[in-house]
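Reviewing the structure listed below.
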There are 2 protein chains.
Amino acid sequence: MAMVASKPLRTRRKMQRVTIMDVAARAELSPSTVSLYFRKPDAVSAAASEAIARAIEALDYVPNLMAGGLAAASSRVVSIIVPSVRNAFFAETVTALQDELGKQRLQVMLSHTEYKEHDEENLVRTALSWAPAAVVLTGLSHSAATRRLLRDSKVPVVEIWELGSPTMDMAVGFHHDQVGHAAASHLLQRGRKRLLFLGARLHEDRRAARRAQGFVEAARNAPDVTAEIIQHPAPASAEVGAMLLGEALHRFPNVDGIACSNDHIALGVIFECQRSGVAIPERLSVMGFGDLSFSAAANPSLTTIRPPGDLIGKEAARLIIARLAHLGAEPEQAVIDTRFTLLHRQSS
Amino acid sequence: MAMVASKPLRTRRKMQRVTIMDVAARAELSPSTVSLYFRKPDAVSAAASEAIARAIEALDYVPNLMAGGLAAASSRVVSIIVPSVRNAFFAETVTALQDELGKQRLQVMLSHTEYKEHDEENLVRTALSWAPAAVVLTGLSHSAATRRLLRDSKVPVVEIWELGSPTMDMAVGFHHDQVGHAAASHLLQRGRKRLLFLGARLHEDRRAARRAQGFVEAARNAPDVTAEIIQHPAPASAEVGAMLLGEALHRFPNVDGIACSNDHIALGVIFECQRSGVAIPERLSVMGFGDLSFSAAANPSLTTIRPPGDLIGKEAARLIIARLAHLGAEPEQAVIDTRFTLLHRQSS
DNA sequence: GCTCAAGATAATAGCGCTATTATGTAGCTG
DNA sequence: CAGCTACATAATAGCGCTATTATCTTGAGC
């Protein structure tokens, strides 16, 4: 007798979690209306809204964003992949992104490659597992597989902190070779002729490498000027800067102008010059990149180039929000050049 | 005639997304087995595993973690809430957490309060919307509502970067008053008697405030020693440090020992001393907190106290992973004191 | 009074996966 | 060779929400 076959053996944890149904029951409305209350508050009457708000309050309801994301086939997560969180530049951008996106109730999921571009593909794959509303990547060089994954997923993509090569979708940043140019021009203008670029980890940090390249290129276009690059494989730090200055003075005793791949290096150069009695800027002009928090307060204060990390984050967020607002429409490409600023201070 | 009533009007986007069913079909297995392949690879035969792997590869399958999380009633997300990402301390911890958790395929979702404790509750609420596997909070002071939310949710909680008050669940960090004590002891040992603590944003940064308090307490316990706190409302920076030193010399002309709430402040103090011709350490001993990347390279190199930011992240991750492994078992409280290290350098 | 539009609310069928249970298939034992 | 166990695979019923469609209510217009 097959009659008894389907006893409801189904226990399943049936958590006593508060759901949208509980809220609906308490507000004496249907779950649909409660859902609408969250998604399109204007479509719900004032009376209903109030009842729902009261029920939420009373039950301490916390919506389940995974259920929502699954049903809607897209989450309110924006996945951001940067080389490193410890880098003050990216930290600034991430903070701005988080603030701006947060206003639209978009969540940030952050990952970092530690400058191993090879990992990016896996991070993107994981990111896509959350059906993100958008993905933010750093720089413009990505593996073919990464590009394919993103293209197929049709997720909006913003590439930040670099312009130059073709972009996948949207981009916000500036041209790093122009930074190098600007640095060289500045030193030339100060009458410097024997120039050096001190860099850290240039083989991994492509953007720093492009700055170095732009620097040398611009310098060598000027008459009677020499320009070289000295680099160190370790991440940028004041310690590395001090070492690089030692090497610089040793190999190029009459160097008179130095541009550093970032302010940490420049800080180390300043300290080392103090120790070895090299007068800045009299004998040696020094400039950095980043305008980190200590740069203005240094002794001498540091001439540097300020990348608009905050603005990059804000603009990227703006592009994402705009794109999400017109999801149906033909996506328009957007490339925003945020430029950068040279801050002339005492060290040059 | 009611017969036609339920035409399948249901179109619904039916994305052509690749699902676990597609993988199963291609591997000629059931979806259950494919799911098992992801969750408990050992339970699947070698032959089946291989077929599944091939199908995944061929279809470029990306699992939908939201569907998984919904079905499993818990996600592989660990939500981390720190005061600020721009702060090098927390950046280090977050990086370590991300690395360690990543090894277990746990994702980090990061938020920041910008030192507005009031926001924490909202962030926790949002975090819980993702049914996270664990929540990491900074510090020990949280609103009653926050505590209730977390308690009710039964999610593992780790509080980091501070010990002292009672903890909610697990905690990893150190005692900030002990840092203050250690700093005072060090300066006393160097024969200093007129001590100052220079701090930034002490009303918001409770941990810095506790360091200040510990410092003054320890100093005043010694005979013939005076100790005061001077503070500035802005976030810590070298600029603020320089200003604070100015104020310090003005108000306490015979100060001979200074502890700063962090290395940025101390760096500003060093620069300002250089400018005003105050000899460090001859006339004035200076110490910081943080051992930031420039501290060892400074001129003079900076005596400082190093908080184990990396270790805190690693230990927190370890606790979380251990807890998740024994989810059934009675959760055991864990409080880990990571201590800190005083690094004696030239500035004192 | 009746139609119609606009506005508000409700009913319904999944979203893609996992947990649980059920079924099949060897490989032993005595 | 029945009877059992261990292992491998499959069937099933949701998880909590949203999108879509359907229904109900109201008030205006004639």
Side-chain angles (χ1 to χ4, degrees), chain A residues 4-25 27-52 59 61-76 128-131 327-328, chain B residues 4-25 27-49 51-52 59 61-76 128-131 327:
Chain A
V4 196
S6 57
K7 261 194 293 180
L9 300 173
R10 197 61 26 163
T11 315
R12 198 89 183 250
R13 77 254 97 144
K14 199 58 188 171
M15 306 268 292
Q16 78 286 40
R17 197 186 204 288
V18 177
T19 74
I20 205 172
M21 316 244 301
D22 300 316
V23 174
E28 302 191 300
L29 289 161
S30 73
S32 306
T33 307
V34 178
S35 174
L36 213 54
Y37 167 84
F38 284 114
R39 293 174 295 118
K40 297 175 182 168
D42 295 339
V44 178
S45 72
S49 290
E50 209 174 307
I52 293 171
L59 298 174
Y61 170 65
V62 176
N64 183 329
L65 258 24
M66 292 194 296
L70 177 60
S74 142
S75 67
R76 297 191 67 80
L128 291 178
S129 299
W130 290 98
L327 255 193
Chain B
V4 196
S6 58
K7 260 193 294 181
L9 299 174
R10 197 62 26 166
T11 316
R12 198 90 184 248
R13 76 253 98 144
K14 197 58 187 170
M15 306 270 292
Q16 78 287 43
R17 199 186 204 287
V18 177
T19 74
I20 205 172
M21 317 245 301
D22 300 315
V23 174
E28 302 190 301
L29 289 161
S30 74
S32 306
T33 308
V34 178
S35 175
L36 212 55
Y37 167 85
F38 284 114
R39 292 174 296 117
K40 297 175 181 167
D42 295 339
V44 178
S45 72
S49 291
I52 293 171
L59 298 174
Y61 170 64
V62 176
N64 184 329
L65 258 25
M66 292 194 298
L70 178 59
S74 140
S75 68
R76 297 192 66 79
L128 291 178
S129 299
W130 290 99
L327 255 193

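A, B, ... follow the sequence lines: proteins, then strands. Residue 1 opens every chain.
Nucleic acid contact class of Tyr37(A) (heavy atoms, under 4.0 Å, all strands): none. Leu36(B) comes within 4.0 angstrom of a nucleotide base, judged by non-hydrogen atoms across all strands. Within 4.0 Å (heavy atoms only), Phe38(B) reaches no atom of the nucleic acid at all. Counting any heavy atom pair closer than 4.0 Å across all strands shown, Pro63(A) reaches sugar-phosphate atoms only and no base atom.
Side-chain contact of Ser30(B) with Thr33(B): a donor-acceptor pair under 3.5 Å is present, judged by distance alone.
Distance Leu70(A) CG to dG14(D) C1': 12 Å, rounded to the nearest Å. For the pair Met66(B) CE and dC15(C) P, the computed distance is 14 Å after rounding to whole Å. When the P atom of dA8(C) is taken as reference, atom CD1 of Ile52(A) falls 13 Å away, rounded to whole Å. For Arg17(A) and dG14(D), the CZ to P distance is 18 Å, given to the nearest whole Å. In this structure, the CG atom of Asn64(A) is 13 Å from the C1' atom of dC15(C), given to the nearest Å. Met21(A) places its CE atom 13 Å from the C1' atom of dA10(C), with the value rounded to the nearest Å. Across the protein-nucleic acid pair, Leu59(B) atom CG and dG16(C) atom P stand 15 Å apart, rounded to whole Å.
Taking the side chain of Ser30(A) as heavy atoms from C-beta on, and the options dT9(C), dC17(D), dC15(D), the nearest nucleotide is dT9(C). Considering only the side chain of Ile20(B), dC17(C) comes nearest among dT18(D), dC17(C), dC17(D). Among the nucleotides dT9(D), dT9(C), dC15(D), the one closest to the side chain of Leu29(B) is dT9(D). Of the candidate nucleotides dG14(C), dG16(C), dT9(C), dG14(C) has the atom lying nearest to any side-chain atom of Ala71(A).
The phosphate of dA10(C) (OP1 or OP2) has a side-chain N or O of Thr33(A) nearer than 4.0 angstrom. Here Arg39(A) does not reach the OP1 or OP2 of dC17(D): none of its side-chain N or O atoms lies under 4.0 Å away. Between Tyr61(B) and dG16(C), a side-chain N or O to OP1/OP2 separation shorter than 4.0 Å is absent. Contact between the side-chain N/O atoms of Ser45(B) and the OP1/OP2 oxygens of dT9(D) is found at a separation under 4.0 Å.
Residues Leu36(A) and Ala43(A) approach most closely at CD2-CB, 4.1 Å, considering heavy atoms.
Between Leu29(B) and Tyr37(B) there is no side-chain heavy-atom pair separated by less than 4.5 Å. Side chains of Tyr61(B) and Ile20(B) form a contact here, defined as non-hydrogen atoms less than 4.5 Å apart.
With the nearest nucleotide of DNA chain D identified for both Ala67(B) and Glu28(B), Glu28(B) has the one nearer the 5' end.
Of the possible donor and acceptor atoms, one in the side chain of Arg17(B) sits under 3.5 Å from a partner among the backbone N and O of Val62(B). Of the possible donor and acceptor atoms, none in the side chain of Ser129(B) sits under 3.5 Å from a partner among the backbone N and O of Asn64(A).
For Ser32(A) against dA11(C), a side-chain-to-base donor-acceptor contact under 3.5 Å is present.
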